[in-house]
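Take a look at the structure below.
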Amino acid sequence: MSEYTSEFLTVLSERGYIHQVSDPKGLDALCAKETVTAYIGFDCTAPSLHVGSLVQIMMMYWLQQTGHRPIALMGSGTTRVGDPTGKDESRKVLSDETIEDNKAGIRKVFDKLLTFGDGPTDALMMDNADWLLGLNYMNFLRDIGRHFSVNQMIQRDSVRLRLEREQHLSFLEFNYMLLQGYDFLEIYNRTGCRLQMGGSDQWSNILSGVDLIRRKVAVEAFALTSPLLTTSSGAKMGKTADGAVWLNEEQLSAYDYWQYWRNTEDADVERFLKLFTILPMDEIKRLAALEGSEINEAKKILATEATALMHGRNKAEEAAETARKAFEEGQSAEGLPTVEIARSGLEAGLGVLSAFVLAGLCASNGDVRRNIKGGGVRINDAVEQDANRQLTLDDVTADGVVKLSLGKKKHVLLKPV
RNA sequence: GGAGGAGUGCCCGAGUGGCUAAAGGGGACGGACUGUAAAUCCGUUGGCUAUGCCUACGUUGGUUCGAAUCCAACCUCCUCCA
């Protein structure tokens, strides 16, 4: 199934976005014939999406680029229920207000990559709260529930595995596929959308919508999932020491975002170039052919291109330049993350411990002490071994800052104001 | 409704009266080696106004000189039966 005729599926396929498609030939024919509307759902559990969702976002980008219409579905309705799919039972109950705030933050990402509007291929933003919150249980059971076969539902991997291992499965979880299926039907009715995409873990939920649409309105709908991404050494994408790699600049600076991609493992470079940049394929092949330390060139391009998509070309170039100065010339370039402190505080003397905590480099004074002991703490590029060292105005460099470093990669400039 | 089991640090998981800020593993962070990579090796991994003090083993109370460890009640989760 590697040969597609439609531009959309060809691009997705050669760039590695496709894990499973419900009816490859049928979908391919549809995409080649007409403007297809497709949607992906996002829950509003955090104020920003992170790189874990980036594959899905990029699929929407390519959908629009190849002449189709994407719909970003905000799952603020399902978020109010709480997605039970995660194994952690300790999920917070989010207030309506928080969910609305989160939704606002998440929308920003889509504005960067998709063109919204009323044209035939302009993207749409929808919210399942609009139809889920007012749902009447009896009506839902009668109109939607009747079309779901429990016999089939328990065949789904997500359910079957739980049952086979005699693990608990709540009725709420069991219902989740109905809700998501209903979303698909509702969106089809409103927009004629016939394709739902998502991560591979969403496969069975998407199929339930495909089935529902067939039963309810006798139309063939399609499911397309992307592979679950891990790094070559098996770690989940998007997790770092400080938490998730957020897409919004309020949560993660463009510089840090650039650094995240710059530190990609060798083995992932080609895959990530295809998935997370929009560079042409022959350019990617050229970069992927680099070996040894030359791979670093490919990583820099990956970082700059990926950052440009999220934060704009200027911010990406700045981040690249800052990194070049900091790492290749050893200067304390201006673009490094900067924390402002009161000049009076420095005059009085500021302890190293406090300084590193203040700068956000360490979690606690003890954390700083440990790193001092381990030789990982530097002030203005000089290793500091005295935990009682006081920073004063004498430590301010010609650039008007004090450069604090933790390890070789993390730098923060303290700027007295 | 009945019977049984479980809740330990970021996660998994030992511990069943003092030697326990709590084995071991994972993860993470720092160091060495490199290419701001991987692998490997070494170190660290509750907080503080720090030779001491405080907080911590689901919650609350109790027994005890002393409890993560014993007792009681409660909460939560799980399994089986109905």
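The analysis underlying the following values was restricted to heavy atoms, covering all of them including side chains, and did not include hydrogens, waters or symmetry mates. Throughout, protein chains are lettered first and strands after them, A, B, ... in sequence-line order, and every chain is numbered starting at 1.
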**Prompt:** Does the base of U36(B) carry an N or O that pairs as donor and acceptor with the side chain of Gln259(A) under 3.5 Å?
**Reply:** yes
**Asked** Taking atom C1' of G43(B) as reference, at what distance in whole Å does atom NZ of Lys373(A) sit?
**Response** 10 Å
**Message:** Checking base pairs now: Watson-Crick or wobble, both atom distances under 3.5 Å. What partners G27(B)?
**Reply:** U45(B)
**Prompt:** Are Tyr39(A) and Met197(A) close enough that some pair of their side-chain heavy atoms sits under 4.5 Å apart?
**Reply:** no
**Item:** Pairwise side-chain contact, Trp246(A) with Val109(A), heavy-atom cut-off 4.5 Å (strictly under)
**Value:** no
**Request:** Rounded off to whole Å, could you give me the CG-to-C1' distance for the Asn296(A) and U34(B) pair?
**Result:** 10 Å
**Request:** Please state the P separation for the pair A21(B) and U55(B) - nearest whole angstrom.
**Result:** 14 Å
**Prompt:** Is there side-chain contact between Val210(A) and Phe184(A), with at least one heavy-atom pair below 4.5 Å?
**Reply:** yes
**Prompt:** G9(B) and A72(B): how far apart are their P atoms, nearest whole angstrom?
**Reply:** 24 Å
**Prompt:** Quick one: Asn263(A) CG to A38(B) C1', roughly how many Å, whole number?
**Reply:** 12 Å
**Fill in**
note: Glu265(A), atom CD; A37(B), atom C1'; distance rounded to Å ~ 7 Å
**Message:** Can you check the distance between A22(B) and C75(B), where both ends of the measurement are the P atom (answer in whole Å)?
**Reply:** 34 Å
**Item:** Nearest-angstrom distance, C1' atom, G17(B) to G62(B)
**Value:** 15 Å
**Item:** Whole-Å gap separating P (A28(B)) and CG (Asp367(A))
**Value:** 16 Å
**Prompt:** Of all the nucleotides listed (C29(B), G46(B), U34(B)), which has the minimum atom distance to the side chain of Lys410(A)?
**Reply:** C29(B)
**Message:** Heavy-atom nearest nucleotide on RNA chain B for Ser293(A) versus Gly375(A): which residue maps closer to 5'?
**Reply:** Gly375(A)
**Prompt:** Within this structure, what is the CG-to-C1' distance between Leu406(A) and C29(B), rounded to whole angstrom?
**Reply:** 8 Å
**Item:** Gap in Å between the two C1' atoms, one belonging to U79(B) and one to A56(B), rounded
**Value:** 30 Å
**Asked** Hey, does the side-chain of Asn365(A) have a donor or acceptor N/O within less than 3.5 Å of a partner on the base of G47(B)?
**Response** no
**Item:** Nearest-0.5 Å distance, OG1 of residue Thr322(A) to NZ of residue Lys325(A)
**Value:** 7.0 Å
**Request:** Between Gly366(A) and Ala320(A), name the one whose nearest nucleotide on RNA chain B is closer to the 5' end.
**Result:** Ala320(A)
**Request:** Tell me, with the steps shown, if Glu347(A) and Arg343(A) meet salt bridge (Lys or Arg N to Asp or Glu O under 4.0 Å).
**Result:** CA-CA 6 Å; Glu347(A) 278 166 2; Arg343(A) 177 169 286 271; 5.3 Å; no
**C1' atoms of G15(B) and A23(B), separation to the nearest Å** = 8 Å
**Message:** If I pick the C1' atom on U8(B) and the same atom on U59(B), what distance separates them, to the nearest angstrom?
**Reply:** 15 Å
**Complete:** Atom CZ of Phe327(A) and atom C1' of U34(B) are separated, to the nearest Å, by 14 Å
**Request:** Report the distance from atom CZ of Phe356(A) to atom C1' of G30(B), rounded to the nearest whole Å.
**Result:** 12 Å
**Request:** For nucleotides A6(B) and A14(B), find the distance between their C1' atoms and express it as a whole number of Å.
**Result:** 15 Å
